[in-house]
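Contents: one structure, followed by commentary.
Quick note: residue numbers are just sequence positions, from 1.
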Amino acid sequence: MRAADIASLVSVGRPSLAPDGSFTVFATSRPDLDADRNVGQIWRIDLPDGAPRRLTRGVSDSSPQVSPDGQHVAFVRADADGIPQIFVIPASGGEPVQTTEARGGVSSFAWSPDAGRIAFTARVPEQGRYGTVEGRSAEAESPRRITGVRWHANGLGYLADRPSHLFIVDAPDTGAEPFYAPAPTAAGEAGKERRVGAQATALTSGAASHHGVVFTADGAHLLTVVDEIEDDRRDLRTPLVAVAVDGSGAIEVLSRDAGYSVDDVGVADDGTIAVLASRPGESGIDFIAPDVALYVLEGPLSAPAPRALTDPDAVDLGEVGSHITPFGEDFLVQNRTRGRVELLRVTRAGDVSVLVDGDVEVVGHAAAGERIVFSHATPFSLGEVSLLGSGPLTTFGAAAAARAIVRPEEREIVARDGYPVHGWVVVPAGEGPFPVILQIHGGPYASYGIHLFDETQVLVDAGYAVVYCNPRGSAGYGRAHGRSIRGAMGTVDMTDVLDFLDGVVAGDARLDGARVGIQGGSYGGYLTAWTIAHDHRFAGAIVERGFLDPVSFQGTSDIGSFFGDEYVGTDPEDMARQSPMAVVHDVRTPTLVLHSELDFRCPLEQATRYYAALKRQGTDAEMLIFPGENHELTRSGRPRHRVERFDAVLDWWSRHLPAD
């Protein structure tokens with residue numbers, strides 16, 4: 001595929017099912033080059049064998065949920081000011097009704113069990129900021145006083161002056177005449193009038209944020225995770241509270257002292273609460289290869305006893321957007337394994353069965369009655385919806401498949417110390433030999449998978465063989481594999497990727513081992529920068545959005561308060577021993593440094609200081625900075641920027657590793 005073909009890549013979000021299982025709804029998203037933004041709509045499929053049809057024609061509609069009575073669908077759409085709000089549409093189709101006017105934008109929502117109300121979380125801006133005073137621009141706002149260990153987040157910006165709070169609003173009558181209502185605010189001040197269905201009521205206030213919202217089975221409480229900005233040191237343990245819908249207060253379900261970091265919450269029909277949670281240890285920041293498990297909370301709401309249903313050493317439920325779907329007395333979850341994501345069914349006795357496996361990566365799922373639908377990616381499609389037992393219901397990947405997608409070939413190579421390293425190679429059509437590019441993923445506790453990957457396909461189309469693997473430190477191979485580089489970054493992870501490269505090249509005559517390049521983003525940028533300081537075989541390198549200096553990362557990154565502490569330690573000698581900046585003087589490989597201006601995960605200074613060091617010592621280097629983009633440029637950035645990035649990558653390789 002060519003760079004511009006990203007417009008054919010359709011992704012599919014988490015589906016929702018009607019309570020009787022008669023139809024499913026879901027959202028799609030794809031890059032639109034003409035509009036220079038990602039666009040998407042809500043779709044409906046009547047089961048078991050109906051054809052997909054659009055319910056909405058919005059620009060970027062997302063996150064649909066069918067009401068418990070099956071009559072309506074709520075979803076998120078940007079309002080006239082570009083702020084995400086909840087809209088409701090009849091399940092059969094019709095005119096969407098704007099239901100919220102949350103100045104800070106809706107981030108999550110849930111229907112009440114009786115379908116009469118919708119609860120949601122939204123950020124509440126401090127008065128005087130973020131447009132709350134007409135005509136006052138961001139640069140004219142008062143200074144921010146920072147007292148906590150955190151103050152910003154990638155893709156969002158400042159945190160403390162816009163906490164996320166819990167609201168509830170009556171579901172609109174989609175057949176009635178709409179009326180105008182003022183925006184809800186924490187302090188009750190008047191907001192701009194908008195055409196919305198009803199006035200929302202705030203259920204929480206204060207400096208702490210609330211993330212996620214799930215009704216208890218009786219509809220009396222809302223389960224949500226509380227996030228307080230710590231004063232002195234980071235603590236990843238999160239309280240789970242139940243907020244009374246009638247505004248009478250909150251019950252602490254799991255305290256911070258209980259030791260859990262809660263990722264997702266589900267409630268079964270009988271009222272049983274299940275959570276996906278890990279335990280960050282006594283330090284509160286032990287997050288590397290987290291021990292995420294599925295728990296049921298047994299006992300009273302005020303003092304439940306969590307009981308684990310899954311073994312985190314055998315089932316990987318974390319960091320893939322996994323969520324819980326109650327299914328009768330059981331629960332559905334997702335398991336990441338060897339580049340795939342399976343759909344599992346877990347009983348309350350802890351018995352685990354695999355419902356969906358093979359060459360798929362399950363993205364989301366829903367269940368009603370005896371029916372289960374799931375969204376997933378494949379080697380030839382970024383997103384499809386399937387009905388369990390019946391097969392795919394959509395063919396969104398057909399447009400991408402027409403772009404001559406090349407299927408990755410799976411490999412497993414034994415590293416120099418006898419450890420098996422698993423990965424893939426993608427080779428252009430023909431006998432070769434082709435120049436080879438070694439790709440390295442981010443994370444580190446992440447993984448390459450079998451889904452259609454535009455990064456690889458664009459390089460293959462340009463005449464390059466691409467080799468990529470999941471070295472030690474990656475996810476999907478057990479927690480010991482993921483934790484093996486703690487305090488040892490740049491050791492076995494580097495030898496794993498190099499040994500995998502050597503093994504694949506030695507076993508495939510189509511690959512030219514004398515012409516190789518290397519590139520990676522985030523942690524992949526780290527390992528690329530580290531590798532080219534120790535191995536000088538590469539004709540060129542691309543270091544993208546990298547974690548390059550653990551020292552400055554502590555005070556600049558939105559995860560600097562804990563990430564480096566756990567991975568490289570806090571002792572200056574340990575940090576230097578694992579720092580690409582500490583060995584930059586050994587780099588001789590021509591290097592392109594790619595970064596985004598608003599990257600708060602791996603801040604821009606990581607790139608500029610690394611680039612400056614390369615230039616000062618005379619290493620051939622260039623830098624490309626993307627304005628207005630953050631750490632997610634390659635996944636959700638402006639389509640035009642994504643194409644321009646591909647153009648820059650191919651230009652760099654054409655000059656330093658020609659495919660001709």
Side-chain angles (χ1 to χ4, degrees), residues 236 278 280-281 285-292 312-320 335-341 411-424 438-449 467-503 518-535 543-550 553 557 559-560 562-569 574-575 577-580 583 601-602 606 631:
L236 301 177
S278 60
I285 59 171
D286 184 359
F287 78 102
I288 298 176
D291 59 346
V292 178
D313 289 318
V315 178
D316 182 356
L317 301 179
E319 299 191 342
V320 290
N335 174 45
R336 177 172 48 182
T337 176
R338 294 181 63 83
R340 281 86 171 167
V341 181
R411 298 283 190 271
E412 185 168 284
I413 301 297
V414 178
R416 64 192 68 181
D417 62 356
Y419 195 86
V421 185
H422 173 237
W424 297 264
L438 173 64
Q439 282 185 328
I440 307 175
H441 68 65
Y445 195 61
S447 61
Y448 279 130
V467 173
Y468 53 105
C469 65
N470 292 326
R472 272 168 278 192
S474 303
Y477 303 84
R479 294 186 67 229
H481 180 96
R483 293 174 72 85
S484 61
I485 63 169
R486 185 180 189 182
M489 289 182 71
T491 59
V492 293
D493 47 350
M494 180 182 73
T495 56
D496 279 357
V497 297
L498 292 176
D499 292 349
F500 187 83
L501 171 65
D502 290 338
I518 183 173
Q519 69 177 67
S522 197
Y523 160 74
Y526 165 91
L527 197 53
T528 297
W530 181 261
T531 300
I532 59 177
H534 295 83
D535 190 306
V543 174
E544 187 166 12
R545 60 182 185 277
F547 166 56
L548 304 174
D549 184 0
F553 193 85
S557 170
I559 58 173
F562 68 94
F563 180 89
D565 294 19
E566 290 297 290
Y567 266 111
V568 303
D574 288 339
M575 297 170 75
R577 175 173 51 83
Q578 301 167 83
S579 170
V583 292
R601 182 61 39 85
C602 292
Q606 297 277 297
H631 198 67

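- With Arg479 contributing its side chain and Ala289 its backbone, the two residues share a donor-acceptor pair below 3.5 Å.
- Paired with Ser522 under the rule side-chain contact (heavy atoms from CB on, under 4.5 Å), one option of His441, Glu544, His631 passes, and it is His631.
- Counting heavy atoms from C-beta on, the side chains of Pro312 and Leu317 never come closer than 4.5 Å.
- Summarising the geometry, atom CE belonging to Met494 is positioned 9.5 Å from atom OH belonging to Tyr526; distances are rounded to the nearest 0.5 Å.
- Trp530 contributes atom CH2, which lies 7.5 Å from atom CD of Gln578 (distance to the nearest 0.5 angstrom).
- One distance of note links CD1 of Ile532 with CD1 of Ile518; it measures 7.5 Å at 0.5 Å rounding.
- The pair Asp291-Arg483 does not count as a salt bridge, with every side-chain nitrogen at least 4.0 angstrom from each carboxylate oxygen.
- Taking CZ from Arg338 and CG from Asn470, the interatomic distance works out to 9.0 Å, rounded to the nearest 0.5 Å.
- Minimum heavy-atom separation, Arg577 to Gly487: NH1-O, 3.3 Å.
- Ring centroid separation for the pair Tyr567 and Tyr523 does not come in under the 6.0 Å cut-off.
- In this structure a side-chain-to-backbone donor-acceptor pair under 3.5 Å is missing from Asp316 to Asn335.
- Side chains of Tyr419 and Val492 form no contact here, defined as non-hydrogen atoms less than 4.5 Å apart.
- For Arg340, the salt bridge (charged side-chain N to carboxylate O under 4.0 Å, His left out) criterion is met by Asp359, Glu410, not counting sequence neighbours.
- Going from atom CG of Leu527 over to atom CZ of Phe547 covers 12.0 Å, rounded to the nearest 0.5 Å.
- Side-chain contact between Asp286 and Arg486 is present, with heavy atoms from C-beta onward closer than 4.5 Å.
- Side-chain atoms of Cys602 and Phe553, non-hydrogen and from C-beta on, do get closer than 4.5 Å to each other.
- Pairs passing the salt bridge (Lys or Arg N to Asp or Glu O under 4.0 Å) check and including a residue from residues 518-535, sequence neighbours excluded, read Asp535-Arg537.
- The shortest non-hydrogen separation linking Ser579 to Pro550 is OG-CD, 3.4 Å.
- When atom types are taken as modelled, the side chain of Ser557 and the backbone of Ile559 share a donor-acceptor pair closer than 3.5 angstrom.
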- Report the C-alpha separation of Val421 and Asp499 in whole Å, then their side-chain angles, then the decisive distance to 0.1 Å, and conclude whether the side-chain contact (heavy atoms from CB on, under 4.5 Å) test is met. CA-CA 8 Å; Val421 185; Asp499 292 349; 5.8 Å; no

- Message: What verdict does the salt bridge (Lys or Arg N to Asp or Glu O under 4.0 Å) test give for Asp502 and Arg416, after you've listed the backbone C-alpha separation in whole Å, the side-chain angles of each residue and the deciding distance to 0.1 Å?
- Response: CA-CA 11 Å; Asp502 290 338; Arg416 64 192 68 181; 5.3 Å; no

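- Counting heavy atoms from C-beta outward, Gln439 and Trp424 have side chains that stay 4.5 Å or more apart.
- Minimum heavy-atom separation, Ala529 to Leu548: CB-CD2, 3.8 Å.
- Here the CG-CD1 distance, from Asp493 to Ile440, works out to 8.5 Å after rounding to the nearest 0.5 Å.
- Cation-pi geometry between Arg336 and Tyr445 is met: the NZ or CZ atom falls under 6.0 Å from the ring centre, inside 45° of the normal.
- In plain terms, the two heavy atoms of Ile288 and Gly482 that are nearest each other are CG2-O, 3.8 Å.
- The minimum heavy-atom distance between Glu412 and Pro420, with the atom names listed, is OE2-CB, 3.7 Å.
- The aromatic rings of Tyr477 and His481 lie tilted to each other, with the angle between the two planes from 30° to 60°.
- Nearest heavy-atom pair across Gly525 and Val543 is O-CG1, 3.6 Å.
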